[in-house]
Visitor: 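Before anything else, here's the structure in question.
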Number of protein chains: 2
Amino acid sequence: MVNIGDVARAAGVARSTASYAMSGKRAVSDEVRRRVQQVALELGYTPNAGARALATSRAMVIGLLAQFLPDEFAPAMLQYIQGVTNTARDLGYDILLSSDANGTAALKRLTDSRMVDGVVLLNVAEDDERLPVLRAAAQPGALVGLPGDCTGVDVFDLDFEEAGRVMVEHLVALGHRELILVSQPQHVVERGGAYVWRLQNAAVETAAQRGVRLRTVHAAAAQPDIGRELHALLGANPEATGLLLNNEAAAAALPTVLHERRLSAPADLSVVGRYSDEFARTFSLPYSSIESAPDRLGRMAVRQLVRRIEKEIADDAPNVVRFVAPELVDRGSTAPPRPA
Amino acid sequence: MVNIGDVARAAGVARSTASYAMSGKRAVSDEVRRRVQQVALELGYTPNAGARALATSRAMVIGLLAQFLPDEFAPAMLQYIQGVTNTARDLGYDILLSSDANGTAALKRLTDSRMVDGVVLLNVAEDDERLPVLRAAAQPGALVGLPGDCTGVDVFDLDFEEAGRVMVEHLVALGHRELILVSQPQHVVERGGAYVWRLQNAAVETAAQRGVRLRTVHAAAAQPDIGRELHALLGANPEATGLLLNNEAAAAALPTVLHERRLSAPADLSVVGRYSDEFARTFSLPYSSIESAPDRLGRMAVRQLVRRIEKEIADDAPNVVRFVAPELVDRGSTAPPRPA
DNA sequence: CTGAAAGCGCTTACAG
DNA sequence: CTGAAAGCGCTTACAG
């Protein structure tokens, strides 16, 4: 491959001058700059990334630590990945994707080897074991998801508490008094998926305040179990007129279940989910939902991360914990309950 | 960070000796090796990736060029990404993920800068404009998907012709004589999605040989269009008893459509799709299908790529074009047609 | 079996 | 405005 020495020689200048002419980090005569740029183009010069990283201590790469857990719904993950990847590229960074089941080892390897200038963590758990590693690393990190301890990292997440409140208030305002909330599997909670109980606790509290009944259940995150469980649930609770879903698999499975039970929303049952618009389209879900905004969260996380990497904010600038306000996207799946 | 000089000093040896002691590329006395390894562990030494890449001309990174096209079904893409990522990690490589809409520019940048040792291309089109760039690159490339011209690259794909034949033969053997094949949108074909007509042509030919009717249509790749189109299609062709789907979105939309039309498979209609088992589970699809084997294809592509990167096969070893034989996974959605 | 040195391809103070 | 040189942290011939 052609290197900067070749460019310099062809342009008749020193390598340093060639470097400066291309980076613009030092004043260079117009003529020399033009000549260097011209020659670089002709020779098809592209700087060697490893060499540049070594010299500048900047890899221009962001590590993306995703995990495809069997009990999380993979298509929902994809949207975060897309948001992060697109934003990173716009800001000049490439994405090194790790889906290693052993997240801590992967994180340590990527940061210690200086392959990445910063990392974005997805699937963050309440007591995420990757966080100590991240705090010990020299690079900054941004999380999508709220851990118990946010020190040393920037955090972005949906305001799940508010989401729970909004979902319940919405149905209560319509006159519903018998609600069911379907959450992620118990197993997700045990693993530290705090968003499950954050939404649930807020929903329970709101229901209590409003004096309506809210039954809460954990349900499977995959077919065919989730379908069976929804069937059983609806069969056992005919009095329920409002259904809240904080479980993507349940949302995806519901249309079939309702069809089979000859129920329709909102005539027989009002339904509100929590997922992204993109998700709704992919799975053709006709239910109003709290927008989970994966693209936006991914974008926010990368933007903040890049600000830290490029020292646009002081090294010791306080970390941010930012919540996206839940927005209820109306798809017409809720209405006043049918008169008893 | 601690570097190899720190390790060498702490172990009381030369940097070269420290390097050899860790890599094992040169004989080193047992005592020295132990001491170096011990010290490296204590100091938490991890080699600097950029420096190593510069010295060895090996980044230990594979570029993964995916494209999230609006007319391809994103969840189906994810499975290829997972297959590639997992296999790469097993073989010691990290994945640099590009989902840049401008694939040729991304490919050129990644290869010219030596950020990657090789690349895997997804969404390969008949006349893929990334291929000239790849052939001009110094690094080897492996494709998932069959282009018109395979010179200079290793190619892995499902045998779509055979898939078309198997689908038709299966239904013909059951006694069906009126079939419909729903393919990807016309737009995918125009963009060079050869797998669409590879399957379709083979299906048409097989149907002709068997003397059965096969109607072919292109349909949308997203909701809600695809649902409407399936409705119209079934309404307009009540004589059809067998439905073939080479369109993931159509498969995902079909359960709802059948429900609404009060049809069920296989009682009223025999259905055969073409998607992965994982996809079937995610979307709860009860239809028998040709397994598209994204994980296996991703694995094969990475394995071959690494073989080339590591020169386990001669530089001029002939390129391979390998097809995965379609396997029909029986989910009970086909049966003899209902007597007229 | 081990060490001193060159070199990978950049960037960036240091000099002029 | 430009150049010669040092240095980033490795690996690997070259010497002994």
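Side-chain atoms are counted along with the backbone in the values below, which use heavy atoms only and exclude waters and symmetry mates. Just so it is clear: chains get the letters A, B, ... in the order the sequence lines come, proteins before strands, and each one is counted from 1.
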Visitor: State which of D:dT11, D:dG7, C:dG3 makes the closest approach to the side chain of B:A14.
Guide: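 Selected nucleotide: C:dG3.
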Visitor: Pick the closest DNA chain D nucleotide for A:A18 and for B:V2 by heavy atoms, then say which residue is nearer the 5' end.
Guide: A:A18
Visitor: Decide yes or no, distance alone: a donor-acceptor N/O pair under 3.5 angstrom between the base of C:dA5 and the side-chain of B:S16.
Guide: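 Side chain to base: no pair below 3.5 Å.
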Visitor: Round to a whole Å and report the spacing from CZ of B:R9 to P of D:dG9.
Guide: 12 Å
Visitor: Taking the minimum atom-to-atom distance to the side chain of B:S19, which one of C:dC10, D:dT12, D:dC10 wins?
Guide: D:dT12
Visitor: Just to confirm, is there a sub-4.0 Å distance from OP1 or OP2 of C:dT12 to any side-chain nitrogen or oxygen of A:K25?
Guide: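 Yes.
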Visitor: Can you see which heavy atom on B:R114 is nearest to which on B:A138, and at what distance?
Guide: NH2-CB, 3.6 Å
Visitor: Roughly how many Å is it from OH in A:Y20 to P in C:dG9, rounded to a whole number?
Guide: 20 Å
Visitor: For D:dG3, take OP1 and OP2 only and decide whether either is under 4.0 Å from a side-chain N or O of A:T17.
Guide: yes
Visitor: Just verifying a value: how many Å separate A:N319 CG and A:I313 CD1, rounded to the nearest 0.5 Å?
Guide: 8.5 Å
Visitor: Provide, to the nearest angstrom, the distance between the CD atom belonging to A:E31 and the C1' atom belonging to D:dC1.
Guide: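 For the pair A:E31 CD and D:dC1 C1', the rounded distance is 12 Å.
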Visitor: Expressed in angstrom and rounded to an integer, what is the separation of A:M22 atom CE from C:dT11 atom P?
Guide: 7 Å
Visitor: In the structure shown, which nucleotide is the Watson-Crick or G-U wobble counterpart of C:dA13, with both distances under 3.5 Å?
Guide: none
Visitor: Between A:T111, A:D112, A:T104, which is the residue that forms a side chain to side chain donor-acceptor pair (under 3.5 Å) with A:K108?
Guide: A:D112
Visitor: What integer distance in Å separates B:M115:CE from C:dC10:C1'?
Guide: 14 Å
Visitor: Need one value for A:T56: base, sugar-phosphate or nothing, where a base atom within 4.0 Å counts as base even if backbone is also close, heavy atoms only.
Guide: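 Sugar-phosphate contact only.
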Visitor: Relative to the 5' end of DNA chain C, which residue comes earlier, B:D30 or A:L54, by the nucleotide with the nearest heavy atom?
Guide: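 Whichever sits nearer the 5' end wins; that is B:D30.
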Visitor: Closest-nucleotide mapping onto DNA chain D: is A:V28 or B:R15 further toward the 5' terminus? I mean the 5' end.
Guide: A:V28
Visitor: Could you tell me the Watson-Crick or G-U partner of D:dA4, where both distances fall under 3.5 Å? Say none if there is no partner.
Guide: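 With both distances under 3.5 Å required, D:dA4 matches none.
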Visitor: Using whole Å, what does the distance between atom C1' of nucleotide C:dG9 and atom CG of A:N48 come to?
Guide: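 A:N48 atom CG is separated from C:dG9 atom C1' by 6 Å.
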Visitor: How about A:Q139 and A:D117: does a side-chain donor come under 3.5 Å of a side-chain acceptor?
Guide: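 A:Q139 vs A:D117: no donor-acceptor pair found between side chains.
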Visitor: With a 3.5 Å cut-off and just heavy-atom distances, do the side chain of B:R26 and the base of C:dT2 make a donor-acceptor pair?
Guide: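 By the distance-only test, yes, there is a pair.
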Visitor: Using a 4.0 Å heavy-atom cut-off, does B:S29 contact any base of the nucleic acid, only the sugar-phosphate backbone, or nothing at all?
Guide: sugar-phosphate
Visitor: Rounded to the nearest angstrom, tell me the gap between atom CZ in B:R58 and atom P in C:dG7.
Guide: 22 Å
Visitor: As a test of reading the structure: which of D:dA13, D:dG3, D:dG9 is closest to the side chain of B:A51, going by heavy atoms?
Guide: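 Comparing D:dA13, D:dG3, D:dG9 against the side chain of B:A51, the answer is D:dG9.
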Visitor: With a 4.0 Å cut-off, would you call B:R191 and B:D128 a salt bridge?
Guide: no
Visitor: Are A:D100 and A:S98 close enough that a side-chain donor and a side-chain acceptor fall under 3.5 Å?
Guide: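 A:D100 vs A:S98: no donor-acceptor pair found between side chains.
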Visitor: Between the base of C:dG9 and the side chain of B:R52, is there a donor-acceptor distance below 3.5 Å?
Guide: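 Side chain to base: no pair below 3.5 Å.
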Visitor: Roughly how many Å is it from CD1 in B:I4 to C1' in D:dT12, rounded to a whole number?
Guide: 12 Å
